[in-house]
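Sequential numbering from 1 along the given sequence is applied to the chain's residues. All figures in this text were calculated on a predicted structure; none of them were measured in a lab. Just so you know, these numbers use all the heavy atoms, side chains as well, and skip hydrogens, waters and symmetry mates.
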Amino acid sequence: FVDASTNTGSVSFDGTTLTVNVGTLPFDSTATATLIVQVNQNTPRGTTISNTVTGTSDTSDPDTSNNSATAFTVVTGPFAGDVLISEFRLRGPSGANDEFIELYNNTETPIAVATTDGSSGWAVAASDGVTRFVIPNGTIIPAHGHFLGVNSTAYSLSSYPAGNDGATVTTATGDATYTTDIPDNAGIAIFRTSTTANFSTSTRLDAAGSTAEANTLYKEGTGYPALTPFSIDYAFVRDTCGKGGSITTFGTCPTNGLPKDTDNNAADFYFVDTNGTPAGAGQPGVADERRSGAGVHRGR
């Protein structure tokens, strides 16, 4: 149970049953009650939830056959892990504001952005609690597709090729922009709401933060290794092979090319940059294919 309201009378909830007292209604008038519940994260997709409403009155009712109705809702998500932070950086060659956050639809079906609290969309926020950008309600993120947020103050990869749609070459321009710098080594997270007061583990879809981040809402596990800040062309990339970015581990990819999501940032992300600069996060090798920049190796 999350919340309930009615346009007349009062509502109460006792743990299993919502009671709506609509008071005395004028003839031919309508009372409306709204019930918001949150589905447990481990509820399998395709599960059908049944809710039944029954109405009673203090006055006699000549027809009781229409005093009950049942609604069926099929669970579709999204759940934590359905949308992942796939790649990001919190500074770049143009300085502290040369940053981006790329999101990824980790499911086999398109995801339509929608909220249950009346807010405007899904927020991506930093651990200072400030929202950097919102994915508006109604936005469709394609199956295995991406959504890119960039700091428009200094983002330097907007002209970098990001894919080919068969007719034109696309570039890594942002789907959303922001202007407030995210501090180095701070945590970031995506929430199924844009209401700051509702940011919690129950509304969080994914998070990524360093070992220096104290707020566990904005990281998973102990966090990825904290960086010594340099204005270099780097990125943290989610492992899509299962080898942690290793260039010496041969053989097939254990994850078959799908993103690794163990809820442990240290295991799921690896660090790359174009010059092999020691920055404190380990160096799996120079990013020869230039992975820095959202979508440069995957169309959105």
Do the side chain of Asn7 and the main chain of Thr32 share a donor and acceptor less than 3.5 angstrom apart? yes
Would a distance-only check, ignoring hydrogens and angles, find a side-chain to backbone donor-acceptor pair under 3.5 Å from Tyr218 to Ala125? no
Main chain of Val150, side chain of Thr177: is a donor-acceptor contact present, judged purely on distance under 3.5 Å? no
ring-ring contact (aromatic ring centres under 6.0 Å, His included) for Phe88 and Phe100? Distances and angles first, verdict last. CA-CA 5 Å; Phe88 67 93; Phe100 67 82; 8.1 Å; no
Please check: side-chain N/O of Trp122 versus main-chain N/O of Pro136, any donor-acceptor pairing under 3.5 Å? no
Thr180, Leu90, Thr153, Thr179 screened by side chain to side chain contact (heavy atoms under 4.5 Å, CB included) with Asn97, the one that passes: Thr153
Between Asp175 (side chain) and Leu148 (backbone), is there a donor-acceptor pair under 3.5 Å? yes
Enter the distance from Asp261:CG to Glu220:CD here, rounded to the nearest 0.5 Å. 6.0 Å
Measuring from Ser202:OG to Phe191:CZ, what's the distance to the nearest 0.5 Å? 9.5 Å
Derivation and outcome, side-chain hydrogen bond (donor to acceptor under 3.5 Å, both in side chains), residues Thr211 and Thr222: CA-CA 6 Å; Thr211 53; Thr222 57; over 6 Å; no
What's the spacing between Thr131 OG1 and Ile190 CD1 if we round to 0.5 Å? 11.0 Å
I'd like to know if the side chain of Thr255 and the backbone of Pro259 have a donor-acceptor N/O pair within less than 3.5 Å. no
Can you give me the closest heavy-atom contact between Pro229 and Asp184, atom names plus distance? CB-OD2, 3.5 Å
Is there a chain of hydrophobic side chains (I, L, V, M, F, W, Y, each step under 4.5 Å between heavy atoms) that links Ile101 to Leu205? yes
Closer than 3.5 angstrom, by distance alone: can the side chain of Asp206 be matched with the main-chain N or O of Ile85 as a donor-acceptor pair? yes
Trace of the salt bridge (Lys or Arg N to Asp or Glu O under 4.0 Å) decision for Asp98 with Arg89: CA-CA 8 Å; Asp98 189 357; Arg89 75 177 183 202; 2.9 Å; yes
Would you please test Phe236 and Tyr270 for ring-ring contact (aromatic ring centres under 6.0 Å, His included) and show each step? CA-CA 6 Å; Phe236 274 102; Tyr270 61 90; 9.1 Å; no
Carefully, step by step, assess Asn264 and Thr262 under the rule side-chain hydrogen bond (donor to acceptor under 3.5 Å, both in side chains). CA-CA 5 Å; Asn264 181 358; Thr262 65; 5.1 Å; no
When you measure from the side chain of Arg238 to the backbone N and O of Lys260, does any donor-acceptor pair fall under 3.5 Å? yes
Rounded to the nearest 0.5 Å, what's the gap from OG1 on Thr19 to CG on Asp14? Could you check? 6.0 Å
Supply the atom-to-atom distance Asp181 CG to Glu99 CD, rounded to the nearest 0.5 angstrom. 5.0 Å
Evaluate the side-chain proximity of Asn256 to Cys253: yes if any heavy-atom separation is below 4.5 Å, no if none is. no
Treating Ile, Leu, Val, Met, Phe, Trp and Tyr as nodes and any side-chain heavy-atom pair under 4.5 angstrom as an edge, say whether Ile232 and Phe269 lie in one connected cluster. yes
If every non-hydrogen atom of Val22 is compared with every non-hydrogen atom of Ala31, which pair is closest and at what distance? CG1-CB, 3.5 Å
Any donor-acceptor pair under 3.5 Å from Asn185 side chain to Leu227 backbone: yes
side-chain hydrogen bond (donor to acceptor under 3.5 Å, both in side chains), that's the test. Do Asn67 and Asp61 meet it? Break it down for me. CA-CA 9 Å; Asn67 287 3; Asp61 186 352; 2.9 Å; yes
State the CG-CG distance between Asp263 and Asp268, to the nearest 0.5 angstrom. 7.5 Å
Thr193 (side chain) donor-acceptor with Thr195 (main chain) under 3.5 angstrom: yes
Does the pair Ser57 and Thr59 meet the rule for a side-chain hydrogen bond (donor to acceptor under 3.5 Å, both in side chains), with working shown? CA-CA 5 Å; Ser57 173; Thr59 59; 3.0 Å; yes
